Structure formats: structure tokens, C-alpha cells
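Per chain, numbering begins at 1; letters A, B, ... match sequence-line order. Quantities reported herein were computed from a predicted structural model and do not represent experimental measurements. Worth knowing before you read on, the calculation uses all heavy atoms, side chains too, and leaves out hydrogens, waters and symmetry mates.
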There are 2 protein chains.
Amino acid sequence: MSPPPPEQSAAELAAAGERRRGRRPAGQDTKDALLAAARAEFSAHGYQGARVRSIASAAGVDAAMVNHWFGGKEGLFAAAMDLPIKPEVLLSRLLDGAREDLGERIVRTFLTVWDGTGGGAFVALLRSVSTHEEAARMLREFVTEVVFRRLADVVGADRPALRASLCGSQLVGLGMARYVIKFEPLASADIATLAITIGPNLQRYLTEPLP
Amino acid sequence: MSPPPPEQSAAELAAAGERRRGRRPAGQDTKDALLAAARAEFSAHGYQGARVRSIASAAGVDAAMVNHWFGGKEGLFAAAMDLPIKPEVLLSRLLDGAREDLGERIVRTFLTVWDGTGGGAFVALLRSVSTHEEAARMLREFVTEVVFRRLADVVGADRPALRASLCGSQLVGLGMARYVIKFEPLASADIATLAITIGPNLQRYLTEPLP
DNA sequence: GTCTATACAACGATAGAC
DNA sequence: GTCTATCGTTGTATAGAC
């Protein structure tokens, strides 16, 4: 069904340029090469479709470099998309605490992380998402398959996919309202206020019975 | 008084390649001129700062033409921004019914209107909003000053501006999730399901006590 | 000599072919 | 069910910069 993947690229690289072991000459081109290759691969095949080995081959290095420099596939995606936090750190923050405070904690973490970049990173992200279809696909796939899935496991309610997408809609809208459109007074409100106003609604999405 | 339509002979129509029979749709030039002038004026001065008289003057027509063709400043704005519904129609739909169903009615109206365009209009709107600062300013100002204000009057709760911007965040996020990012299953869910899941959260934003 | 960026081999998990 | 290929990840040895 699927054509044989061009695994020769690694061998070709090994044949053309000698892949020496050990520390390479200064100038960290490995990280940049991986990032460039990752953007192309993620954009072409989505998050799940992108292969770490293919990215590493395209960058001319070993797949283990992804782990060494970015902590894994998720970290590489986060770096390639300029996300202000690694998904594993995000999830560990969210899941650390009482379950009845999960909604508020999600809002507080979301705003703390994006406020930290002055909102510029969010604007950039949503600009590319609304302009490039591939960016929208990448974000959709990554958020649903990586972030939502693990979150839904913890909540343990029915219809986890619907609940997750409902939460996602409120969070994306919060970012749009605060950083892009700048609805007042929401755009200037402090995080605590928004956490206790929006948090319960996320909690409801996550736990309340659905039709 | 409308300007006298220029009488044309059959020969002149044939020479110009005119295929339409009967009376030509008068006023299209005027409408287009007004729309172009309106986009420039709204973009430069925002919704409130834009003067109907300035727009009409720039279009070379009388200010009364705005009322004649677009029903007023709001209708002109809606047409200039390619909004799929006129704000007055939108608001009359929202305010027609029991107040405890307002949240659900907002979601149902929002989705019905934008689904009617296949979502393309929403994508186009948010693309321009996320790329052009003026577009963001126009939308922000219009929604807060025109839509939210009147909605808040009906609800009659405290801190109407905060409540309105909270509702706006959820609605913008709903549109992003459904039409741009396409979170599943939200993107494919029927309107009734989303109305009864999201509606109560809007209702809470509008009526629940705030800190 | 020390440090570390690197390559290679191998492991557990998973998905599809048969 | 079994087998196989491939995935992401991990452990480890090493070469070269410092």
C-alpha cells in the first residue's frame, strides 16, 4: 500500500559525507538542521505521520539527536512550532493538583505560559494557523492526539473527544480575545480573575453529563 | 431622488457587449463606491471614528445613500466586513425568546449564520483579523460597542463588559475550532448538540455572580 | 585530561500482513 | 493467532573540541 520509505537517504549521506562519530566542529548546526527538517516533515505529513528517523536523516544526523537536543518527538514539535512550553511539562503542571480545580488550573497555566511571551507567540501561531492549511492540520492533530488524549484519560468521563474539543474551543477563543482581538476588559484582566470565571466552564465541559 | 438612468439604444448596448435585457440594476456603482470608501474609513478610524458623511463624500454620493442601500452605519459595516448577517437582525433574533434560553440561542444563531456560508466567511474574517491590526481593531470595536452593549442591557447583570468579552471569547473560539482548526468532533457536530453543551456556559457568563 | 556531541545497536510497543 | 517491519526511545562507546 505505502511505497517503501526512502531509508536510503541515511546511507547516501553516509556514503557522500563521512558521518564521523564524536563531537563535531563548533557551530551548533545540528539543532538548526533538525528544526528545519522537522518543519518540512511535520508540515508535509502532520504530527503522527512525521517520522523522527526521516527528520534525522534529512538533517544528516542520527535519530538519537532528537532525544538529545529536544527530549523527544514532542519537544521537537514544540520547538519547531515555537510553542512556549513543552507538552510534557504542560501536562505535568495540569495534572498536579485536585481534579476539581482542573478547569481553573488549565486557564491559569494557559494564560501564564502565553502571557510570558507577551502574547506575540500566540498571535504568530494563530496567524500561521489561519493562513496555512498545513499549520492548522499540524496544530489540530497534535493537540487532539497528544494533549487532549492524555487529559481525557485523567478525567475519565464519557465522550472524551467532544469534551476535549469543547475545552479547546474555549481556550483558543480566550487566546484570540486576549492576544489578537483584544476584547476589553478581558485582554487586561488579571489571570486570577479569568481563572475563576472561565475555569468552572472548562470544568463543566470536562465533568458534566453530556447529551 | 435617484439620478436619471442613462437611456441607451439597442445599438449602444450591443456595441458595449451588454447582454442583460430590460432595466439595468441601478446603483451597483454607488454601492461599490460606498463599500470601498467604507473599508478605507473604517480601517483608518475604527467603527466609531468613521463618519458616514466622510464615507459618502469619499464615494461621491450623498450620505442618505448609506441608509438607502445598507440600512445604516451598522449595515454598511456588515457589508464592508462581509458579515453574513446584519447586526440588527442578529440582535432581534437573540432577544426574541426567554432569557433563560439566551445562551443556547446565541450558540444556535451563531452556528446557523456561519454554517450558512460553509464557514468560509469566518475563515476569511479571522484571517484578516489575525494579520491586519486594523481589522482586529474594527472587529473589536464593533462587537464590543454595538453587539455586546445592547446584549448586556438586556441581561441587566453587573460588569456587563467583562461578561460580554467572556461570551465573545467562547464564540470566537467556537468559530476557530469549527471552521479554522477543525477540532473533531466539534467541527462535525450538529448545531443542536453544541447549543445544549456550550449554551449553558454562555448563560453562566451572562448571569452567574462574578468575583 | 575532561567534557560532550555524536553514532550505533538494541529494546519494548505497535500496527499490518498473512 | 503469528510474524514481521517499523516506530520512538534508551544505553553506551567514542571521537574530537575544549
Rounding to a whole Å, what distance do you find between [X]:[atom1] and [N]:[atom2]?
{"X": "A/Leu76", "N": "D/dG8", "atom1": "CG", "atom2": "C1'", "value": "12 Å"}
{"X": "A/Leu34", "N": "C/dA5", "atom1": "CG", "atom2": "P", "value": "13 Å"}
{"X": "A/His68", "N": "C/dA5", "atom1": "NE2", "atom2": "P", "value": "5 Å"}
{"X": "A/Asn67", "N": "D/dT10", "atom1": "CG", "atom2": "C1'", "value": "7 Å"}
{"X": "A/Met65", "N": "D/dT10", "atom1": "CE", "atom2": "P", "value": "13 Å"}
{"X": "A/Glu88", "N": "D/dG8", "atom1": "CD", "atom2": "C1'", "value": "14 Å"}
{"X": "A/Lys73", "N": "D/dT6", "atom1": "NZ", "atom2": "P", "value": "16 Å"}
{"X": "A/Tyr47", "N": "D/dC7", "atom1": "OH", "atom2": "C1'", "value": "12 Å"}

Can you give me every donor-acceptor pair (side chain of residues 118-131 of chain A, partner residue at least two apart or in another chain, under 3.5 Å) with its distance?
residue  : atom : partner  : partner atom : Å
A/Arg127 : NE   : B/Ser130 : O            : 2.9
A/Arg127 : NH2  : B/Ser130 : O            : 3.2
A/Ser128 : OG   : A/Leu125 : O            : 2.9
A/Ser130 : OG   : A/Leu126 : O            : 3.0
A/Ser130 : OG   : A/Arg127 : O            : 3.1
A/Ser130 : OG   : B/Ser130 : OG           : 2.9
A/Thr131 : OG1  : A/Arg127 : O            : 2.6

Identify the pairs formed between an N or O of the protein and an N or O of nucleotides 9-12 of chain C at a distance under 3.5 Å, and give each distance.
residue : atom : partner : partner atom : Å
C/dA10  : N6   : A/Arg53 : NH2          : 3.3

Worksheet item: What pairs meet the side chain to side chain donor-acceptor pair (under 3.5 Å) rule with one or both residues in residues 181-195 of chain A, with sequence neighbours excluded?
Response: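 Every side chain to side chain donor-acceptor pair (under 3.5 Å) pair that includes a residue of residues 181-195 of chain A, provided the two are not neighbours, is A/Glu184-A/Ser188, A/Asp190-A/Thr193.
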
Worksheet item: Do A/Thr197 and B/Pro211 come close enough that some side-chain heavy atom pair is under 4.5 Å?
Response: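 Answer yes - side chains close enough.
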
Worksheet item: Less than 4.5 Å apart, any side-chain heavy atom of A/Glu74 and any of A/Tyr47?
Response: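 A/Glu74 reaches A/Tyr47 side chain to side chain.
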
Worksheet item: For A/Thr30 and C/dA5, is the shortest distance between a side-chain N/O and OP1 or OP2 below 4.0 Å?
Response: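 So the side chain of A/Thr30 is outside the cut-off, no N or O lying under 4.0 Å from OP1 or OP2 of C/dA5.
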
Worksheet item: Salt bridge check: are B/Arg108 and B/Glu104 linked by an N-O gap of less than 4.0 Å?
Response: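 Looking at B/Glu104 together with B/Arg108, the answer is yes, because their closest N to O distance falls below 4.0 Å.
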
Item to complete: Identify which nucleotide among C/dA7, C/dT6, D/dG8 has an atom closest to any side-chain atom of A/Arg51, counting heavy atoms from C-beta outward.
Response: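 Minimum distance to the A/Arg51 side chain belongs to D/dG8.
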
Discussion item. Quick check: closest heavy atoms across A/Ser165 and B/Phe183, and the distance to 0.1 Å?
Written reply: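 That closest heavy-atom pairing would be CB-CB, 3.8 Å.
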
